[in-house]
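This report refers to the structure that appears directly beneath it.
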There are 2 protein chains.
Amino acid sequence: MSLKDTIDRTDLKILQVLQQDARISNQALADRVALSPSACLRRVRELEGKRLITGYHAHVAVDRIRAVTIVLAQVSFERHSPGHFGRFDQWVARTGEVVESWRVSGQYDYMLRVVVTDLHDWKRLMLEMMEGGFGVEKITSNFLMDEMKSFGGYPLAPSPAAG
Amino acid sequence: MSLKDTIDRTDLKILQVLQQDARISNQALADRVALSPSACLRRVRELEGKRLITGYHAHVAVDRIRAVTIVLAQVSFERHSPGHFGRFDQWVARTGEVVESWRVSGQYDYMLRVVVTDLHDWKRLMLEMMEGGFGVEKITSNFLMDEMKSFGGYPLAPSPAAG
DNA sequence: CCTGAAATCCACTATTG
DNA sequence: CAATAGTGGATTTCAGG
């Protein structure tokens with residue numbers, strides 16, 4: 001709870017607006033949260049400083065710029081040794097095609113979001129993973145057909161329907 | 001190919017920079033892509049107009065603001081009828097906890113990214129999906145343990161190692 | 001499609017409450 | 001902590017090549 005006490009309704013509103021429109025001017029943002037520009041700017045800088053805002057990103061329609069195949073890969077490991085995971089994470093970090101990597105609980109260990117040009121490209125990456133000595137046991141891949149709802153920010157407050 | 005012809009190296013650079021830092025000033029952006037501020041701004045507006053940039057989003061460390069459990073849910077349907085998919089998509093659209101929904105090929109039909117408060121909250125959503133008359137057959141859920149690499153933009157050019 | 005100038009608007013700081 | 005006001009600098013429009 002230590003952080004939540006330092007955040008008030010106004011900060012939440014700021015985060016909500018910036019999640020939806022990161023390029024809004026500080027003045028317009030100040031208007032929307034009913035604050036003077038200077039007070040608003042100070043809060044934004046504080047939120048950045050506390051790393052509650054960790055970046056601002058343009059969302060690009062990559063499929064309209066280059067040929068892309070988006071793969072959701074479920075990766076399971078033979079053993080759960082930290083060493084293997086660590087080296088795998090390093091490989092992920094330096095591999096630009098892997099745009100997102102999550103450790104998950106369940107039947108598999110990692111869920112990757114990978115952006116490749118085509119199936120041949122994906123095969124190459126799969127080989128790198130299987131033969132990189134990371135202890136990868138199995139990779140199950142699914143291909144994105146259609147983005148029905150794309151990420152536009154987190155719900156910063158629990159839904160009213162929730163407990 | 002019709003769109004790719006209308007995009008040059010400078011546009012790509014602009015997209016690349018804005019993917020990483022959407023709040024960069026137009027002047028700094030112009031510097032980075034070796035253009036005058038006015039020319040740069042015009043290109044950005046055009047990229048927005050052509051919907052190659054579809055939004056600007058702040059990335060918020062939601063786990064430091066509220067209690068969250070992030071679920072990756074794989075949903076499969078009894079039948080693949082467009083009507084059921086459509087009504088399911090509508091439910092997804094109005095359900096704020098579902099922050100991302102992908103139609104995929106493979107063993108299951110949808111992959112959802114869901115943000116809930118706790119397991120009880122997730123159970124409620126599962127029930128809504130199973131009993132909403134959408135024809136949902138099975139839901140497999142996995143819980144996010146750790147975000148090892150978080151999304152920071154697409155590779156806008158194919159990797160040199162590819163084909 | 002660019003540059004460069006001019007006008008408007010905004011970010012940021014200092015000051016004060 | 002917030003508001004206000006001032007100034008340096010940025011955004012945006014427009015003329016011209």
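Just so it is clear: chains get the letters A, B, ... in the order the sequence lines come, proteins before strands, and each one is counted from 1.
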Between N or O atoms, less than 3.5 Å apart, protein on one side and nucleotides 10-15 of chain C on the other: list the pairs.
| unit_1 | atom_1 | unit_2 | atom_2 | d |
| --- | --- | --- | --- | --- |
| dC10(C) | OP2 | Q27(A) | OE1 | 3.0 |
| dA11(C) | OP1 | N26(A) | N | 2.5 |
| dA11(C) | OP2 | Q27(A) | N | 3.1 |
| dC12(C) | OP2 | R45(A) | NH1 | 2.9 |

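R32(A) contributes no side-chain N or O that, together with a main-chain N or O of K13(A), makes up a donor-acceptor pair within less than 3.5 Å.
Contacts between residues 9-19 of chain B and DNA chain C, counted as heavy-atom distances below 4.0 Å, involve no residue at all.
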Checking side chain to side chain donor-acceptor pair (under 3.5 Å) for the pair D63(A)/Y154(B): CA distance, chi angles, key distance, verdict? CA-CA 10 Å; D63(A) 58 311; Y154(B) 293 106; over 6 Å; no

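Atom CG of L72(A) is separated from atom CZ of R113(A) by 8.0 Å, given to the nearest 0.5 angstrom. Expressed to the nearest 0.5 Å, how far CG of D121(A) lies from OG1 of T69(A) amounts to 8.0 Å.
Heavy atoms of R42(A) sit under 4.0 angstrom from at least one base atom.
Listed by chain and number, the residues in a salt bridge (Lys or Arg N to Asp or Glu O under 4.0 Å) with R43(B) are D8(B), D11(B) (sequence neighbours excluded). Take E97(A) and apply the side-chain contact (heavy atoms from CB on, under 4.5 Å) test, not counting sequence neighbours, and it matches T95(A), V114(A), V116(A), R124(A), L125(A), S159(B).
Taking the six-membered ring for Trp and the full ring otherwise, the centers of F88(A) and F77(A) sit less than 6.0 Å from each other.
Chain B approaches DNA chain D over the interval dA10(D) to dT13(D), counting the first and last nucleotide 5' to 3' with an atom under 4.0 Å from its heavy atoms.
The heavy-atom pair separating P37(A) from N26(A) by the smallest distance is O-ND2, 3.0 Å.
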Under 3.5 Å, which donor-acceptor pairs link side chains of residues 134-145 of chain B to any protein atom two or more places apart or in another chain?
| unit_1 | atom_1 | unit_2 | atom_2 | d |
| --- | --- | --- | --- | --- |
| S141(B) | OG | W122(B) | NE1 | 3.3 |
| N142(B) | ND2 | Y108(A) | OH | 3.2 |

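A side-chain hydrogen bond (donor to acceptor under 3.5 Å, both in side chains) with E48(A) is found for exactly one of R51(A), K50(A), R45(A), namely R45(A).
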